[in-house]
Visitor: 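Before we start, here is the structure in question, set down as structure tokens.
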Amino acid sequence: QVQLVESGGGLVQAGGSLRLSCAASVSILSIRAMAWYRQAPGKQRELVAVIASGGANYADSVKGRFTISRDNTKNTGYLQMNSLKPEDTAVYYCAVRYSGGGYFRADNYDYWGRGTQVTVSS
């Protein structure tokens, strides 16, 4: 069983930055993909960014502002969020997948964290 724990969320003013972390309870060397999703009140969960062997992909709404990364030596993934906007307000979740492909579908991910709240004030 893999446990994922997100941290780094909080309240920030528009234009500010946050770095989210996703700490795994086991080695992430064999993880094929790590993703960040978010869910705002009353909205569906949406993919924010995913990193796999082929590189990183981002939602259009965050391109150029967010950067996803992973540190296998620390078993931790990160989401650097810059130039935050009020519409970025949501609970952010990390997820990991052990199999190849299918990185853009939430139901393909094997394990999820419980989320961390990000609130951006205007």
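For reference, positions follow the sequence shown, starting with 1. The figures that follow rest on heavy atoms only: side chains count, while hydrogens, waters and symmetry mates do not. In this text, all values refer to a predicted model and were calculated from it rather than measured experimentally.
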Visitor: Do V50 and Y58 come within less than 4.5 Å of each other through their side chains, counting heavy atoms only?
Guide: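 Result no, sub-4.5 Å side-chain heavy-atom pair not found.
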Visitor: So is R97 actually on top of Y103's ring, under 6.0 Å and inside 45° of the axis?
Guide: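 Judged by the rule (NZ or CZ under 6.0 Å from the ring centre, within 45° of its axis), R97 is not positioned above Y103.
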Visitor: Is a donor on one side and an acceptor on the other found under 3.5 Å between the side chain of T89 and the backbone of T119?
Guide: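 Pair absent, no side-chain N/O of T89 close to backbone of T119.
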Visitor: Could you check whether any side-chain heavy atom of Y78 comes within less than 4.5 Å of a side-chain heavy atom of I68, counting everything from C-beta outward?
Guide: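 No; the side chains remain at least 4.5 Å from each other.
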Visitor: Is it the case that the side chain of T116 and the backbone of E6 share a donor-acceptor pair, with hydrogens and angles ignored and the cut-off at 3.5 Å?
Guide: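 Side chain of T116 to backbone of E6: no pair is present.
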Visitor: Any chance CD of E87 has more than 12 other-residue heavy atoms, nucleotides or ligands included, within less than 6.0 Å?
Guide: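 Enclosed: over 12 neighbouring heavy atoms sit under 6.0 Å from CD of E87.
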Visitor: Would you check if L79 and T67 make a side-chain contact, meaning some heavy-atom pair closer than 4.5 Å?
Guide: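 Not in contact.
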Visitor: Would you name the heavy atoms of C22 and W36 that are closest together and state the gap between them?
Guide: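 Of all heavy-atom pairs spanning C22 and W36, the closest is CB-CZ2, 3.6 Å.
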Visitor: Report the distance from atom CG of D110 to atom CD of Q1, rounding to the nearest 0.5 Å.
Guide: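 Reported to 0.5 Å precision, the distance equals 10.5 Å.
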Visitor: For the residue pair W112 and Y93, does the interplanar ring angle fall in the parallel (under 30°), tilted (30 to 60°) or perpendicular (over 60°) class?
Guide: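 Correct class here is perpendicular.
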Visitor: Measuring from N72:CG to S27:OG, what's the distance to the nearest 0.5 Å?
Guide: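 Rounded to the nearest 0.5 Å, the CG-OG separation comes to 7.0 Å.
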Visitor: State yes or no: do I51 and V62 share one hydrophobic cluster built from I, L, V, M, F, W and Y residues joined by side-chain heavy-atom distances below 4.5 Å, directly or via other members?
Guide: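 Per the 4.5 Å side-chain linkage, I51 and V62 are co-clustered.
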Visitor: Is there a side-chain contact between R38 and E46, using heavy atoms and a 4.5 Å cut-off?
Guide: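 With C-beta onward as the side chain, the pair touches.
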Visitor: For A35 versus Y109, what's the shortest heavy-atom pair and its separation?
Guide: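 So the minimum-distance heavy-atom pair works out to CB-OH, 3.4 Å.
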Visitor: Is the shortest heavy-atom distance from the side chain of I31 to the side chain of R70 under 4.5 Å?
Guide: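 In contact.
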Visitor: Could you tell me which non-hydrogen atom of A14 sits nearest to which non-hydrogen atom of P86, and how far apart they are?
Guide: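 That would be CB-CD, 4.1 Å.
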Visitor: Measuring from S121:OG to Q13:CD, what's the distance to the nearest 0.5 Å?
Guide: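 Reported to 0.5 Å precision, the distance equals 5.0 Å.
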Visitor: Linking I/L/V/M/F/W/Y whenever any side-chain heavy atoms sit under 4.5 Å apart, do L4 and Y37 land together?
Guide: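 No, L4 and Y37 fall in different hydrophobic clusters.
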Visitor: Heavy atoms, side chains only, cut-off 4.5 Å: are M81 and D88 in contact?
Guide: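 They are not in side-chain contact.
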Visitor: Using a 4.5 Å cut-off on heavy atoms from C-beta on, say whether the side chain of Q80 contacts that of S17.
Guide: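 They are in contact (side-chain heavy atoms under 4.5 Å apart), so the answer is yes.
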Visitor: Decide yes or no for C94 and Y111: does some side-chain heavy atom of the first lie under 4.5 Å from some side-chain heavy atom of the second?
Guide: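 They are not in side-chain contact.
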Visitor: For the pair N75 (side chain) and I28 (backbone), establish whether a donor and an acceptor sit closer than 3.5 Å, ignoring hydrogens and angles.
Guide: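 Checked: pair present.
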Visitor: So D71 and T76, side chain to side chain donor-acceptor pair (under 3.5 Å) or not? Walk me through it.
Guide: CA-CA 5 Å; D71 185 338; T76 301; over 6 Å; no
Visitor: Please state whether the rings of F66 and Y92 are parallel, tilted or perpendicular, taking 30° and 60° as the class boundaries.
Guide: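 Rings of F66 and Y92: tilted, 30 to 60°.
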Visitor: Check whether M34 and V26 end up in the same hydrophobic cluster, where Ile, Leu, Val, Met, Phe, Trp and Tyr are linked by side-chain heavy atoms less than 4.5 Å apart.
Guide: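 In one cluster with M34: V26, yes.
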